[in-house]
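Worksheet: the structure to be examined is printed underneath.
Values reported hereafter were calculated over all heavy atoms of this structure, with side chains retained and with hydrogens, waters and symmetry mates removed. Chain letters run A, B, ... following the sequence lines, proteins first, then strands; residues in each count from 1. Computed from a prediction, not measured in an experiment: that's the story for all the values here.
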There are 2 protein chains.
Amino acid sequence: MPAQRFEPHYRRIIADIRQRIASGEWPPGHKLPSTKALADLYEVGSQSTVRQAITILIETGELYGHQGLGVFVTDRSPTT
Amino acid sequence: MPAQRFEPHYRRIIADIRQRIASGEWPPGHKLPSTKALADLYEVGSQSTVRQAITILIETGELYGHQGLGVFVTDRSPTT
DNA sequence: GACAATTTGTCCGTATGTATT
DNA sequence: CAATACATACGGACAAATTGT
């Protein structure tokens, strides 16, 4: 039996962002902190790690990004 | 009118893998070529780029990876 | 228009760890 | 132990888009 794997940083960032969205702290349309600020917030040494989390959340449609502007929470109806 | 954006490499890799799965070329359970071989196949200079595509496809559940073994096409449950 | 600052977007290279054979 | 291959993290280099001066 393998021991419980630790969540990698990027997955924990994904989970945290999802929770902030779900809790309403970051409502639809909210602009997330900059990649640099998020790297600081999550205490990861590189923006690349944050980027990976954001790229996945953009891919799944939960966030969307605009170059030069920021990354935002997708505006979607809470149909679920 | 902005010109048509070029797809970044990782998105084209995602699209290609999805198409191979959809076409049946890579059926459920099929083992994908190694990351290194895929980097060669798609002519990207680094395995990191391939990895990003694969990570996203794993995150979306279309692929799954086993360390030391390979990356495989997800076996869809025929529940629907 | 030009320029700089900020921020997102992509790609590359490397290092290290983990799992299988 | 060694070879192979996946998994994660980091850091740097540019490009592209926006905003402000």
Side-chain angles (χ1 to χ4, degrees), chain A residues 1-18 20-21 26-75, chain B residues 1-18 20-21 26-75:
Chain A
M1 266 278 288
Q4 171 81 41
R5 289 199 226 7
F6 283 84
E7 298 267 28
H9 289 155
Y10 80 91
R11 275 195 207 275
R12 297 201 298 128
I13 294 173
I14 288 174
D16 183 84
I17 292 175
R18 281 183 171 147
R20 287 182 197 251
I21 293 173
W26 289 349
H30 177 82
K31 179 184 180 297
L32 269 65
S34 72
T35 304
K36 187 177 185 304
L38 288 174
D40 186 55
L41 171 65
Y42 293 118
E43 293 183 314
V44 290
S46 169
Q47 304 180 207
S48 306
T49 306
V50 172
R51 249 281 118 193
Q52 186 168 15
I54 289 177
T55 300
I56 289 171
L57 289 169
I58 288 175
E59 193 71 20
T60 61
E62 292 159 273
L63 300 177
Y64 65 93
H66 266 293
Q67 261 180 232
L69 272 177
V71 177
F72 304 84
V73 177
T74 298
D75 190 29
Chain B
M1 266 271 292
Q4 171 83 40
R5 286 199 233 359
F6 282 86
E7 298 264 33
H9 290 152
Y10 80 91
R11 276 196 205 275
R12 296 201 299 127
I13 294 173
I14 288 175
D16 184 83
I17 292 175
R18 280 183 172 148
R20 286 179 198 254
I21 294 172
W26 288 350
H30 177 82
K31 179 183 179 299
L32 270 65
S34 72
T35 306
K36 187 178 184 306
L38 289 174
D40 186 56
L41 171 65
Y42 294 116
E43 295 183 312
V44 289
S46 169
Q47 304 182 207
S48 305
T49 305
V50 172
R51 250 282 117 193
Q52 192 179 2
I54 289 177
T55 300
I56 288 172
L57 288 169
I58 288 174
E59 194 69 23
T60 60
E62 292 159 272
L63 301 177
Y64 65 93
H66 266 295
Q67 267 182 229
L69 271 178
V71 176
F72 304 84
V73 177
T74 298
D75 193 26

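Heavy-atom distances under 4.0 Å link DNA chain C to Ile58(A), Gly65(A), His66(A), Gln67(A), Gly68(A) of residues 58-68 of chain A, given in residue order. For DNA chain D, no neighbouring residue in residues 27-42 of chain A is found when judged by any heavy atom under 4.0 Å.
Across all non-hydrogen atoms, the minimal contact from Ile58(B) to Gly65(B) is CD1-N, 4.0 Å. Across every non-hydrogen atom of Pro27(A) and Val73(A), the tightest pair is O-CB, 3.4 Å. Considering every non-hydrogen atom in both Thr55(B) and Tyr10(A), the closest pair reads CG2-OH, 3.8 Å.
Of the side-chain N and O atoms in Tyr10(B), one or more sit less than 4.0 angstrom from OP1 or OP2 of dT10(C).
Across every strand in view, dG1(C) sits unpaired, with no contact that passes the Watson-Crick or G-U test at under 3.5 angstrom. Across all strands shown, dG13(C) forms a Watson-Crick or G-U wobble pair, both distances under 3.5 Å, with dC10(D).
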N/O donor to acceptor pairs below 3.5 angstrom from side-chain atoms of residues 31-44 of chain A, sequence neighbours left out:
| unit_1 | atom_1 | unit_2 | atom_2 | d |
| --- | --- | --- | --- | --- |
| Ser34(A) | OG | Ala37(A) | N | 3.1 |
| Tyr42(A) | OH | Asp16(A) | OD2 | 2.4 |

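Between the P atom of dA5(D) and the CG atom of Leu69(B) lies a distance of 11 Å, rounded to the nearest Å. Taking atom CD1 on Ile54(B) and atom C1' on dT8(D), their separation rounds to 14 Å, with Å as the unit. As a whole-Å value, the separation of Gln52(B) CD from dC6(D) P is 17 Å. Spacing between atom CZ of Arg11(A) and atom C1' of dA9(D) amounts to 14 Å, rounded to whole angstrom units.
Remark: Ile13(A) CD1 to Ile17(A) CD1 distance equals 7.0 Å, nearest 0.5 Å. How far CD1 of Ile14(B) is from CD of Glu7(B): 9.5 Å, rounded to the nearest 0.5 Å.
Of the listed residues (Val71(B), Leu63(B), Ile21(B)), just one forms a side-chain contact (heavy atoms from CB on, under 4.5 Å) with Leu57(B), and that residue is Leu63(B).
Ring pair Trp26(A)/His30(A) is parallel by interplanar angle, where below 30° counts as parallel and above 60° as perpendicular. By the 30° and 60° cut-offs, the orientation of the rings of Phe72(B) relative to Tyr64(B) is parallel.
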List every contact pair, protein side and nucleotides 12-16 of chain C side both N or O, where the distance is under 3.5 Å.
| unit_1 | atom_1 | unit_2 | atom_2 | d |
| --- | --- | --- | --- | --- |
| dC12(C) | OP1 | Gly45(B) | N | 3.0 |
| dC12(C) | OP2 | Thr49(B) | OG1 | 2.6 |
| dG13(C) | OP2 | Gly45(B) | O | 2.7 |
| dG13(C) | N7 | Ser48(B) | OG | 3.0 |
| dG13(C) | O6 | Ser48(B) | OG | 3.4 |

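Applying the side-chain hydrogen bond (donor to acceptor under 3.5 Å, both in side chains) criterion to Glu59(A), with sequence neighbours excluded, gives Arg11(B). For Ser48(A), the side-chain hydrogen bond (donor to acceptor under 3.5 Å, both in side chains) criterion is met by Ser46(A), not counting sequence neighbours.
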